[in-house]
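Take a look at the structure below.
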Amino acid sequence: MNPDTPTPRAARESGPPGTPPAPASPNAGPPVGDGAGDRPVPAVPADTIGQPVGPPFPVGEAVVRSLVTAASLAPSLHNAQPWRFRLLADGTTLQLWADLDRVVPHADPDGRGLHLGCGAAICNLRVAAAHAGLLPEVRLLPESAEPRLLADVVFRRLPPGAPEPPEAAGLAALYPAIRARRTSRHPFLPDPVPGEVLGELTEAARIEGAELIHPDAWHTATVLELMRDAEGRDGADPGRERELERWTRTGAEAGSAVDGVPEYAFGPRERDGRTVVRDFAGRAPIPGRPDADFESTPHLVLLGTAGDRPFDWLRAGEALERVLLVATDRGLATSLSSQTLEWDELRWPTRDPMSSVSHIHMVVRLGYGPDTPPTPRRPVDEILEIGHSLPPGP
C-alpha cells in the first residue's frame with residue numbers, strides 16, 4: 001500500500017482479535033473484523049445447509065481467470081475497482097482482498113463504499129461459479145486480525161447424482177446479465193416498471209440479507225432534494241473535487257483507461273439543473289456533450305440493512321449486485337447514487353422514517369433507457385495472484 005494513501009477509517013480502527021464490537025452509529029464507521037464475519041455465508045438455501053455438497057474442488061488457472069474477470073465487472077465507487085484476488089496454492093480457495101491503494105477517502109472515509117463494491121464482486125463471483133458448475137462457499141471477514149481480507153471462497157462440486165440446489169440454478173441464470181449490466185447516466189423513458197418486476201427485485205435483495213425500500217412520492221422528493229444538496233456540497237469541497245478529478249478520464253485518456261469513469265459514460269448534462277445522477281464532469285466543459293431533460297420524477301429504490309458494520313456492507317454489496325443483475329435480466333436500465341450517503345448529516349434523513357431499515361447503502365434509479373457502453377476494467381493479471389498462501393506486508 002502507498003503510505004501516502006489515506007486508509008479507510010474502518011481499517012484504521014480495527015481492534016485485536018476478540019475485541020467486542022462498538023455500538024453502531026449512523027455517523028461513525030464500525031471496525032472491521034469484529035467477529036460478525038466469522039459466520040459462513042452459504043451459497044445454498046438454509047434447508048440444504050449440512051447436506052453433503054462434495055469436497056473442496058481445485059479449479060484451474062483458466063477457470064479462476066474467468067471467475068475473477070466476471071467478479072471485476074461489478075460496480076464500485078468512481079469505478080475505482082478496490083479489489084485483489086489470490087488463489088491459494090491448493091487451488092480450492094480464492095481470497096478477496098481490499099486494495100487500499102484504491103480507496104476514495106473523502107467520499108468514503110469509513111470504507112463502506114469499498115465494502116459495497118467488493119460485496120458486489122463476490123455476488124458476480126458466485127454467479128460465475130454457479131454457471132461453471134461450482135458451488136462457492138463464501139466466508140466473509142474470515143480473519144479478524146486482518147481487515148484487508150474480506151472473503152474466502154472455497155469451491156466445491158456436487159457429488160454424482162446429488163440434486164443441484166435451487167440457489168445455484170437461480171444464480172447461474174443471471175450469468176449473461178453480468179456483462180450486460182451498465183450504470184446509465186442517461187434519461188429514462190416515462191414507462192412504469194411493472195409491479196411483478198419490482199417484486200422480483202425486492203426478493204433478490206431479501207435473499208442476500210438486505211431490503212429494498214420503495215419510497216412514496218413524498219419520500220422520493222425528499223431524496224431528490226438531498227441529492228441536490230449533496231451535489232452542491234461536493235462542488236464546494238476542494239478535496240472532493242480533486243478526488244473526483246482523479247477518477248475521471250477525459251480526452252485521449254478516456255479511450256485507454258482501465259479504471260475510473262470515462263467521459264463517454266458521463267451522460268448528458270441535466271438541462272434544468274436537477275440532480276438525478278452524479279455529474280462527473282463537474283464544471284469542466286466536455287466538447288460535444290449535450291444537454292437533456294431527465295425524468296421529473298425518477299423511479300428510485302433504496303437498498304438498506306438493519307446493521308451498519310463491515311459485514312453488513314459486504315452483504316449489502318452482494319444484495320445490490322443481485323438486484324442489478326435481475327433488473328438487467330428483465331430489461332431495465334439502472335443508475336446508482338451514493339452522494340447523499342457520503343455526507344453523514346444527509347445519510348440519516350435519506351432513510352424511510354417508517355421503516356425498520358435504519359441504514360441506507362445505495363439509491364438505485366430504475367427505468368428503461370438507451371444502451372450504453374461498458375466502463376473500463378483493469379486486466380485480470382493486475383488483480384489476480386495464483387499460488388500464494390500469505391499476503392504481502394502493508
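From a predicted model like this one, the values you see are computed outputs, not experimental measurements.
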Under the 3.5 angstrom rule, does the side chain of [X] hit a backbone N or O of [Y] as a donor-acceptor pair?
X: Asp152; Y: Thr93; answer: no
X: Gln81; Y: Val258; answer: yes
X: Glu243; Y: Ala107; answer: yes
X: Asp237; Y: Gly239; answer: yes
X: Thr220; Y: Asp216; answer: yes
X: Asp108; Y: Leu114; answer: yes
X: Ser355; Y: Asp352; answer: no
X: Glu263; Y: Gly251; answer: yes
X: Arg156; Y: Leu135; answer: no
X: Arg182; Y: Arg179; answer: yes

I want to check something: taking the side chain as every heavy atom from C-beta on, are [X] and [Y] in contact at a cut-off of under 4.5 Å?
X: Val364; Y: Leu302; answer: no
X: Arg112; Y: Leu341; answer: yes
X: Ile383; Y: Ser72; answer: yes
X: Trp97; Y: Cys118; answer: no
X: Arg269; Y: Asp279; answer: yes
X: Val153; Y: Leu96; answer: no
X: Pro136; Y: Leu94; answer: no
X: Leu366; Y: Val197; answer: no

I need the [X] [atom1] to [Y] [atom2] distance, nearest 0.5 Å.
X: Leu141; Y: Phe311; atom1: CG; atom2: CZ; answer: 7.5 Å
X: Gln95; Y: Glu143; atom1: CD; atom2: CD; answer: 8.5 Å
X: Leu320; Y: Leu303; atom1: CG; atom2: CG; answer: 6.0 Å
X: Met362; Y: Thr340; atom1: CE; atom2: OG1; answer: 9.5 Å
X: His214; Y: Leu201; atom1: NE2; atom2: CG; answer: 7.0 Å
X: Ile360; Y: Asp308; atom1: CD1; atom2: CG; answer: 10.0 Å

Test the [X]-[Y] pair against the cation-pi criterion, namely NZ or CZ under 6.0 angstrom from the six-membered ring centroid and within 45° of the ring axis.
X: Arg185; Y: Phe266; result: no
X: Arg315; Y: Trp313; result: no
X: Arg102; Y: Trp83; result: no
X: Arg157; Y: Phe57; result: yes

List the steps and the verdict of side chain to side chain contact (heavy atoms under 4.5 Å, CB included) for Leu300 and Leu224. CA-CA 9 Å; Leu300 304 180; Leu224 290 171; 4.1 Å; yes
Any idea which heavy atoms bring [X] and [Y] closest together, and the distance?
X: Ala281; Y: Ile286; result: CB-CG1, 3.9 Å
X: Ala265; Y: Thr375; result: CB-CG2, 3.9 Å
X: His115; Y: Leu314; result: O-CD2, 3.4 Å
X: Asp90; Y: Pro58; result: O-CB, 3.7 Å
X: Leu134; Y: Leu67; result: CD1-CD1, 4.3 Å
X: Ser338; Y: Glu342; result: OG-OE2, 2.6 Å

Joint cluster assignment, [X] & [Y], ILVMFWY side-chain distance < 4.5 Å:
X: Trp348; Y: Leu226; answer: no
X: Leu73; Y: Leu332; answer: yes
X: Val138; Y: Val59; answer: yes
X: Phe294; Y: Val193; answer: no
X: Val363; Y: Val357; answer: yes

Aromatic ring proximity, centroids under 6.0 angstrom, His78 and Phe280: yes
Pair Arg84-Glu382, salt bridge (Lys or Arg N to Asp or Glu O under 4.0 Å): steps then yes or no: CA-CA 8 Å; Arg84 293 162 50 206; Glu382 289 187 11; over 6 Å; no
Is [X] salt-bridged to [Y], going by a charged N under 4.0 Å from an acidic O?
X: Arg148; Y: Asp99; result: no
X: Glu295; Y: Arg365; result: yes
X: Arg126; Y: Glu208; result: yes

From CA spacing to verdict: side chain to side chain contact (heavy atoms under 4.5 Å, CB included), Leu324, Thr183: CA-CA 9 Å; Leu324 297 177; Thr183 296; over 6 Å; no
Should Leu87 and Thr92 be marked as a side chain to side chain contact (heavy atoms under 4.5 Å, CB included) after you check the CA-CA gap, both sets of side-chain angles, and the distance that decides it? CA-CA 8 Å; Leu87 183 69; Thr92 67; over 6 Å; no
Does any donor atom in the side chain of His186 or Ser335 lie under 3.5 Å from an acceptor atom in the other side chain? no
Without hydrogens or angle criteria, can the side chains of Asp229 and Trp343 be said to hold a donor-acceptor pair below 3.5 Å? no
Walk me through whether Thr334 and Ser184 qualify under side chain to side chain contact (heavy atoms under 4.5 Å, CB included). CA-CA 6 Å; Thr334 59; Ser184 175; over 6 Å; no
Salt bridge (Lys or Arg N to Asp or Glu O under 4.0 Å) assessment of Glu245 paired with Arg242: CA-CA 5 Å; Glu245 291 172 2; Arg242 288 192 299 270; over 6 Å; no
Here's a test for you: under salt bridge (Lys or Arg N to Asp or Glu O under 4.0 Å), which of Arg378, Arg249, Arg377 qualifies with Asp259? Arg249
When you look at Arg330 and Glu200, which way does the salt bridge (Lys or Arg N to Asp or Glu O under 4.0 Å) test go after all the steps? CA-CA 10 Å; Arg330 303 304 185 267; Glu200 290 180 283; 2.7 Å; yes
